[in-house]
Amino acid sequence: MSRQTWKPGNMLYPLPAVMVSCQRPGEKPNILTVAWAGTVCSDPAMISISVRPERYSYDIIKETGEFAVNLVTKDLTFAADYCGVKSGRDVDKFREMKLTPVSLDGVAVPGINESPLILACRVTDEKPLGTHHMFLAEVVSVSVNEEYMDETGKFHLNDTELMAYSHGEYFTLGKKLGKFGYSVKKRK
């Protein structure tokens with residue numbers, strides 16, 4: 001097997017492509033699609049998103065210190081792509097994509113009601129990195145769509161047909177291969 005060495009690049013795929021909602025008081029809400037998002041801490045629950053400073057949403061998030069991360073399903077993929085290529089300076093993305101703003105606990109920004117899971121976030125730090133600035137944020141509340149809960153109250157996130165982004169293309173998550181700890185579980 002032979003290998004090639006390429007110049008440095010971000011080839012850490014697949015990634016969750018998430019729809020980030022934000023809003024200035026008194027203005028229309030906006031949606032930005034980002035693939036540079038991730039978990040950074042479990043206690044306190046924290047995530048990061050990286051946004052180019054020239055993006056319309058960047059100033060909104062910087063000024064308000066709040067945003068919501070909306071997970072994307074197969075059914076939301078078209079809207080996620082649209083919200084990633086159109087600017088909120090020019091269009092009302094909620095209206096154009098027929099998405100429903102929903103109030104969230106702990107923040108003044110709306111989530112996207114059609115998303116199965118929404119993380120309401122408050123910025124704790126911003127770090128300029130180059131082309132993108134990273135917002136570190138504490139998750140202040142989580143909103144889940146009850147459609148994906150069973151009678152015992154268990155939330156079935158993996159039944160929502162989550163979308164992933166890989167090298168310029170969108171995919172739904174596929175076949176389950178195992179679960180955490182299965183490699184060391186005693187076999188019967």
Aromatic ring proximity, centroids under 6.0 angstrom, F171 and Y165
no
In terms of side-chain heavy atoms, does E114 have a donor or acceptor partner in T100 at a distance below 3.5 Å?
yes
Evaluate side chain to side chain contact (heavy atoms under 4.5 Å, CB included) for M11 paired with W6, printing each intermediate quantity in order.
CA-CA 11 Å; M11 299 285 291; W6 294 354; 4.2 Å; yes
How about M134 and W36: do any of their side-chain heavy atoms sit closer than 4.5 Å?
no
Write down the atom of F94, the atom of P110, and the distance for their closest heavy-atom approach.
CZ-CG, 4.4 Å
Kindly indicate, with the supporting measurements, whether the criterion side-chain hydrogen bond (donor to acceptor under 3.5 Å, both in side chains) is fulfilled by E126 and Y58.
CA-CA 11 Å; E126 177 189 358; Y58 171 82; 2.4 Å; yes
Is it the case that one hydrophobic cluster holds both F155 and L173, taking links as side-chain heavy atoms less than 4.5 Å apart, direct or via other members?
yes
Restricting to non-hydrogen atoms, name the atom on L15 and the atom on A35 that form the minimum distance, rounded to 0.1 Å.
CD1-O, 3.6 Å
Report, as yes or no, whether the 6.0 Å neighbourhood of atom CG on D105 holds more than 12 heavy atoms from other residues, nucleotides or ligands.
no
Mind checking whether L99 and L71 sit in one hydrophobic cluster, side chains of I, L, V, M, F, W, Y counted as touching below 4.5 Å?
no
Is the distance between the ring centroids of Y148 and H156 under 6.0 Å?
no
Tell me, do T33 and V18 make a side-chain contact under 4.5 Å, heavy atoms counted?
no
Could you list the residues that satisfy salt bridge (charged side-chain N to carboxylate O under 4.0 Å, His left out) with R24, not counting sequence neighbours?
E27, E63
Once rounded to the nearest 0.5 Å, what's the spacing between atom OG of S57 and atom CZ of R52?
14.0 Å
Closest non-hydrogen atoms of T160 and L157, given as atom of the first, atom of the second and distance, are OG1-O, 2.7 Å
For the CZ atom of R55 and the NE2 atom of H133, what is their distance to the nearest 0.5 Å?
14.0 Å
If we only count heavy atoms from C-beta on, is the M46 to V139 side-chain gap below 4.5 Å?
no
Would you say CZ of F78 has more than 12 non-hydrogen atoms from neighbouring residues, nucleotides or ligands within 6.0 angstrom?
no
Reported NZ-to-OH distance for the pair K86 and Y56, which is rounded to 0.5 angstrom
15.0 Å
I47 vs V69 side-chain heavy atoms within contact, under 4.5 Å
yes
Does the plane of the ring in F135 sit parallel, tilted or perpendicular to the ring in F67? Use 30° and 60° as the thresholds.
tilted
Treating S115 as the side-chain partner and I112 as the backbone partner, does any N or O pair qualify as donor plus acceptor under 3.5 Å?
no
State, yes or no, whether a side-chain contact exists between E138 and C121 at a heavy-atom distance under 4.5 Å.
no
Is the number of heavy atoms from other residues, nucleotides or ligands within 6.0 Å of NZ (K28) greater than 12?
yes
Can you check whether L136 reaches V123 side chain to side chain, under 4.5 Å on heavy atoms?
no
Could you tell me the separation between the CD atom of E96 and the CG atom of D90, rounded to the nearest 0.5 Å?
11.0 Å
Please write out which residues are connected to V102 in a hydrophobic cluster, directly or through intermediates, given that two of Ile, Leu, Val, Met, Phe, Trp, Tyr count as joined at side-chain heavy-atom separations below 4.5 angstrom.
L104, V107, V109, I118, V140
Indicate yes or no: at least one non-hydrogen side-chain atom of K93 is less than 4.5 angstrom from one of N30.
yes
What distance do L177 atom CG and K175 atom NZ have between them, rounded to the nearest 0.5 Å?
7.0 Å
Quick one: do the S21 and N70 side chains pair a donor with an acceptor below 3.5 Å?
yes
In the structure I gave you, are the side-chain heavy atoms of V51 and L32 within less than 4.5 Å of one another anywhere?
yes
Please determine whether residues V34 and L119 belong to a single hydrophobic cluster, defined as Ile, Leu, Val, Met, Phe, Trp and Tyr linked transitively by side-chain heavy-atom distances below 4.5 Å.
yes
Taking every heavy atom of I49 against every heavy atom of A37, the minimum-distance pair comes out as CG2-CB, 4.0 Å
Residue pairs fulfilling side chain to side chain donor-acceptor pair (under 3.5 Å) with at least one residue in residues 71-83, sequence neighbours excluded:
D81-Y170
What is the distance from atom CE of M149 to atom CG of D159, rounded to the nearest 0.5 Å?
13.0 Å
Shortest non-hydrogen contact between A164 and P14, atoms and distance:
CB-CB, 4.0 Å
Taking all atoms of both residues into account, what is the closest heavy-atom pair of M97 and C83, and its distance?
CG-SG, 4.4 Å
